[in-house]
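Here the structure is a predicted model, which means the values were calculated and not measured.
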Amino acid sequence: MAAPPLLLRSAPVLRLRLHLHLRLHHRLFAGGLRPLCAAAAAAAAADASTEPASPGEKASSEDKKWGAAVLLSTKEPPRYQRWDDPDFRKWKDKEDEILRDIEPTVSLAKEILHSDRYLDGEQLTAEDEKTVVEKLLIHHPHAEDKIGCGLDYIMVERHPQFRISRCLFVVRTDGAWIDFSYQKCLRAYIRLKYPSYAERFIREHFKRGSG
């Protein structure tokens with residue numbers, strides 16, 4: 001049976017369309033063309049991996065929309081003194097010297113006040129009293145007022161207002177007694193002997209409000 005004339009005339013057109021379809025299919029899946037979704041994903045990845053032109057550049061609205069990372073400028077890191085700095089080495093050497101100088105006196109004062117070496121109201125031994133007077137009391141900014149009419153002895157007692165604290169007290173020859181801060185004595189001593197380094201040392205080694 002012969003094919004209708006219309007079908008015979010359209011056969012070449014159908015073959016051409018089939019040929020084009022096969023070529024497109026081959027290019028699409030053999031790597032000649034990429035699907036639109038793959039192309040879009042690759043473009044997005046390329047955009048995301050691109051850094052801003054300058055550290056301080058602000059993120060665009062598109063960057064914010066898609067969460068793109070923007071490199072922000074940062075502050076300069078803090079500068080610390082180094083051992084190869086002559087001034088810093090000089091300070092550390094002087095700091096060690098001051099610590100070695102006052103350490104025996106500080107240790108004695110702490111042991112007198114914070115151990116069971118003395119009971120409340122007890123008088124210091126002659127040896128401890130001599131050290132406390134010569135290394136501490138005479139350097140107090142108001143030593144003359146503390147001693148008053150004369151020093152009878154040094155004792156340990158609770159502070160009249162702050163009962164949890166124990167202090168050193170000057171007992172005068174007239175029977176009156178008054179407390180004094182051993183840290184205030186040390187501050188005055190350091191300022192006198194090490195004037196160029198005293199304030200820095202005091203700031204770094206004495207607790208705030210200690211005299």
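- Ion pairing between Glu103 and Arg100 fails under the 4.0 Å rule for side-chain N and carboxylate O.
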| query | Lys184 and His140: side-chain contact (heavy atoms from CB on, under 4.5 Å), yes or no, with the steps? | reply | CA-CA 6 Å; Lys184 185 173 288 188; His140 195 284; 3.5 Å; yes
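- A continuous path of hydrophobic side-chain contacts links Val156 to Leu151 [ILVMFWY only; heavy atoms under 4.5 Å].
- If you chain together hydrophobic residues whose side chains sit under 4.5 Å apart, Trp91 and Ile202 fall into the same group.
- Residues Cys167 and Asp179 share a closest heavy-atom pair of CB-CB, 4.2 Å.
- Remark: the backbone N or O of Ile178 is not paired with any side-chain donor or acceptor of Arg172 at under 3.5 angstrom.
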| From CA spacing to verdict: side-chain contact (heavy atoms from CB on, under 4.5 Å), Lys90, Tyr197 | CA-CA 10 Å; Lys90 189 174 182 180; Tyr197 301 91; 3.2 Å; yes
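- Put simply, Leu113 and Val170 are part of the same group of oily side chains (I, L, V, M, F, W, Y) that touch within less than 4.5 Å, one to the next.
- In plain terms, the two heavy atoms of Arg117 and Glu122 that are nearest each other are O-OE1, 4.4 Å.
- The shortest distance between side-chain heavy atoms of Phe180 and His142 does not fall below 4.5 Å.
- Ion pair Glu127/Lys130 not flagged as a salt bridge, since none of the NZ, NE, NH1 or NH2 atoms sits closer than 4.0 Å to an Asp/Glu carboxylate oxygen.
- The minimum heavy-atom distance between Asp120 and Glu157, with the atom names listed, is CB-OE1, 3.5 Å.
- Atom CG in Leu136 sits 8.0 Å away from atom CG in Leu108 (nearest 0.5 Å).
- Atom CZ of Arg200 sits about 10.5 Å away from atom CD1 of Ile98, to the nearest 0.5 Å.
- Closest approach of Ile138 and Ala143 over heavy atoms only: O-CB, 4.2 Å.
- Nearest heavy-atom pair, Tyr194 versus Asp101, reported as atom, atom and distance to 0.1 Å: OH-OD2, 2.7 Å.
- By the 30° and 60° cut-offs, the orientation of the rings of Trp177 relative to Phe169 is perpendicular.
- When hydrophobic clusters are built by joining Ile, Leu, Val, Met, Phe, Trp and Tyr residues whose side-chain heavy atoms come closer than 4.5 Å, directly or via intermediates, Leu168 is grouped together with Leu137.
- Of all non-hydrogen atoms in Thr125 and Tyr118, the two that sit nearest each other are N-OH, 3.2 Å.
- Summarising the geometry, atom CD belonging to Glu95 is positioned 3.5 Å from atom NE2 belonging to His205; distances are rounded to the nearest 0.5 Å.
- Note that CG of Asp93 is 10.0 Å distant from CZ of Phe88, once rounded to the nearest 0.5 Å.
- Follow the hydrophobic side-chain contacts under 4.5 Å out from Tyr153 and you never reach Val133; the two are in separate clusters.
- Rounding to the nearest 0.5 Å gives a distance of 10.5 Å between OG1 of Thr173 and CD1 of Ile147.
- Between His139 atom NE2 and Glu134 atom CD the span is 9.0 Å, to the nearest 0.5 Å.
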